Protein chains: 2
Amino acid sequence: MSLPIPGKPVRGSKSGNHLMALFDLLGRSWAMGIIWRLNEGSCTFRALQERCESISPTTLNRRIKELTKAFLIERTVDGYALTEQGKEIFELLAPLESWARVWAKNFKEDA
Amino acid sequence: MSLPIPGKPVRGSKSGNHLMALFDLLGRSWAMGIIWRLNEGSCTFRALQERCESISPTTLNRRIKELTKAFLIERTVDGYALTEQGKEIFELLAPLESWARVWAKNFKEDA
DNA sequence: TAAATTTGCTACATTTTACGTAGCAAAGCT
DNA sequence: AGCTTTGCTACGTAAAATGTAGCAAATTTA
């Protein structure tokens with residue numbers, strides 16, 4: 001499945017630098033979006049699919065498996081949910097939201 | 001080139017939510033890595049390629065163009081460099097490093 | 001308890017993205 | 001004038017994502 005594992009070669013670091021491993025994981029399509037949406041609360045596979053608006057089941061399934069093996073997601077009685085560590089990276093990503101709001105203004109000018 | 005633009009459909013948001021646009025941009029392969037390495041200082045195309053350890057020129061060129069259009073990278077007399085906004089997202093990503101160090105321990109246990 | 005619905009996926013064919021190597025034209029250096 | 005470095009493009013191959021269809025198991029409903 002090619003899960004990026006710290007200590008083993010990952011994208012950006014042949015020696016497996018931990019940050020590059022994390023970038024490799026989070027830098028895959030939908031990964032951050034899934035974490036973001038899952039923070040709204042645990043839910044079923046199909047509900048998560050809808051929250052993401054346009055992810056294919058194939059890709060969602062892959063990302064879920066990867067993120068699960070990476071200790072960021074788990075399966076509970078309520079469906080899929082963020083683990084404690086998953087919630088932690090959410091908190092680390094959270095500041096991006098307000099920043100993105102400002103950043104978005106760049107694009108409005110040069111319409 | 002399909003640059004994710006806030007306000008227009010992006011991966012994760014048909015209405016173009018600004019955060020999803022940012023996730024779309026940063027979530028492409030090598031994007032965060034490039035920003036990270038560029039923060040070490042401005043450099044040439046080829047030097048950047050080496051810093052990334054294993055990126056192909058094709059992909060590097062693409063990401064550079066995208067990040068440039070997204071106001072995160074610019075070209076100076078010293079070569080490629082982060083813009084002010086580029087430095088800002090670097091600062092937002094920075095906390096991930098120490099977190100990743102702890103996160104990496106998960107993988108050492110189950111060898 | 002039998003039928004209908006929902007759920008978590010998988011199959012499969014197509015498109016998109018990334019890789020990797022080769023190499024060229026322009027600029028800089030000697 | 002020659003040699004090197006630089007920024008990149010070409011091109012063929014491999015990998016990843018898409019999108020639609022649908023199935024088997026679990027759950028809900030009648």
Side-chain angles (χ1 to χ4, degrees), chain A residues 1-5 8-14 20-21 23-38 41-70 73-82, chain B residues 1-5 8-14 20-21 23-38 41-70 73-82:
Chain A
M1 168 173 300
S2 93
L3 179 79
I5 297 177
K8 298 188 176 182
V10 297
R11 175 186 292 148
S13 172
K14 293 173 183 170
M20 290 304 141
F23 280 172
D24 189 346
L25 182 69
L26 297 180
R28 297 179 179 196
S29 73
W30 293 101
M32 291 186 287
I34 289 171
I35 290 170
W36 193 263
R37 294 283 155 86
L38 250 193
S42 54
C43 67
T44 67
F45 184 94
R46 263 155 132 119
L48 184 51
Q49 203 180 345
E50 282 171 20
R51 283 187 193 174
C52 288
E53 293 194 22
S54 63
I55 189 173
S56 73
T58 318
T59 304
L60 177 57
N61 186 240
R62 255 195 213 192
R63 285 299 94 84
I64 284 178
K65 282 180 181 164
E66 291 171 3
L67 294 172
T68 299
K69 287 190 178 178
I73 280 183
E74 66 188 343
R75 208 169 174 178
T76 70
V77 283
D78 301 322
Y80 292 105
L82 290 181
Chain B
M1 169 173 295
S2 93
L3 179 79
I5 296 177
K8 298 188 177 182
V10 297
R11 176 185 290 146
S13 173
K14 293 172 183 169
M20 290 305 142
F23 279 171
D24 189 346
L25 181 69
L26 296 181
R28 297 179 180 196
S29 72
W30 292 102
M32 292 187 286
I34 289 171
I35 290 170
W36 192 264
R37 304 289 186 176
L38 250 193
S42 55
C43 66
T44 67
F45 185 95
R46 263 151 133 121
L48 184 52
Q49 202 179 344
E50 282 171 18
R51 282 187 194 172
C52 288
E53 293 193 23
S54 64
I55 189 174
S56 74
T58 318
T59 305
L60 177 56
N61 187 240
R62 253 195 214 194
R63 285 298 96 84
I64 284 179
K65 282 179 182 165
E66 291 171 2
L67 294 171
T68 299
K69 287 189 178 179
I73 279 183
E74 65 187 342
R75 211 171 171 178
T76 70
V77 285
D78 301 322
Y80 292 106
L82 291 181

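This is a predicted model, so every value here is computed, not measured. Side chains are part of it too, since the values below use all heavy atoms of this structure and drop only hydrogens, waters and symmetry mates. Order of the sequence lines sets the chain letters (A, B, ...), proteins ahead of strands, with each chain counted from 1.
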>> Quick check: closest heavy atoms across A/A70 and A/L3, and the distance to 0.1 Å?
In response: CB-CD1, 4.3 Å
>> Any side-chain N or O of B/W30 below 4.0 angstrom from OP1/OP2 of C/dT17?
In response: no
> Closest heavy-atom contact between B/M20 and A/W36?
Replying inline: CE-CD1, 3.7 Å
> Rounding to a whole Å, what distance do you find between B/L48:CG and D/dT6:P?
Replying inline: 13 Å
>> Rounded to whole Å, how long is the line connecting atom CD of B/E50 with atom P of C/dG20?
In response: 16 Å
Produce the list of close N/O pairs, under 3.5 Å, pairing protein atoms with atoms of nucleotides 28-30 of chain C; give distances to one decimal.
none

>> Show the nearest heavy-atom pair for residues A/G12 and B/S54, with the distance to one decimal.
In response: N-OG, 4.4 Å
>> Regarding B/S29, tell me which of base, sugar-phosphate or nothing describes its non-hydrogen contacts under 4.0 Å with the strands shown.
In response: sugar-phosphate
>> Tell me the interatomic distance from A/L25, atom CG, to D/dA16, atom C1', rounded to whole angstroms.
In response: 15 Å
> When you measure from the side chain of A/E66 to the backbone N and O of A/L25, does any donor-acceptor pair fall under 3.5 Å?
Replying inline: no
> Atom CD1 of A/I34 and atom P of D/dA17: how far apart are they, to the nearest Å?
Replying inline: 10 Å
>> Please determine whether a side-chain nitrogen or oxygen atom of A/R11 lies at a distance below 4.0 Å from atom OP1 or OP2 of C/dA18.
In response: no
> Could you give the CZ-to-C1' distance, from A/F45 to D/dT27, as a whole number of Å?
Replying inline: 18 Å
> Taking only side-chain nitrogens and oxygens of B/K65, does any of them come within less than 4.0 Å of OP1 or OP2 of D/dT9?
Replying inline: yes
> When the distance from CG of A/L60 to C1' of C/dA11 is rounded to whole Å, what number comes out?
Replying inline: 17 Å
> Taking atom C1' of D/dG19 as reference, at what distance in whole Å does atom CD1 of A/I55 sit?
Replying inline: 13 Å
> Among B/T44, B/L60, B/I34, which residue meets the side chain to side chain contact (heavy atoms under 4.5 Å, CB included) test with B/Q49?
Replying inline: B/L60
> If you take all heavy atoms of B/R28 and B/P4, which pair is closest and at what distance?
Replying inline: NH2-CD, 3.4 Å
Using atom names, set out every protein N or O paired with an N or O of nucleotides 20-25 of chain D below 3.5 Å, distance rounded to 0.1 Å.
none

> Is there a donor-acceptor contact under 3.5 Å from the side chain of A/R11 to the main chain of B/W30?
Replying inline: no
> C/dG8 phosphate, OP1 or OP2: any side-chain N/O from A/N61 under 4.0 angstrom?
Replying inline: no
> Donor-acceptor pair, B/R37 side chain versus B/L48 backbone, under 3.5 Å?
Replying inline: no
> What's the CG-P distance between A/D24 and C/dC19, to the nearest Å?
Replying inline: 10 Å
>> According to side chain to side chain contact (heavy atoms under 4.5 Å, CB included), who are the partners of A/T58, at least two apart in sequence or on a separate chain?
In response: A/S56
>> With a 4.0 Å limit, can you tell me whether A/R62 has a side-chain N or O closer than that to the phosphate oxygens OP1/OP2 of D/dA17?
In response: yes
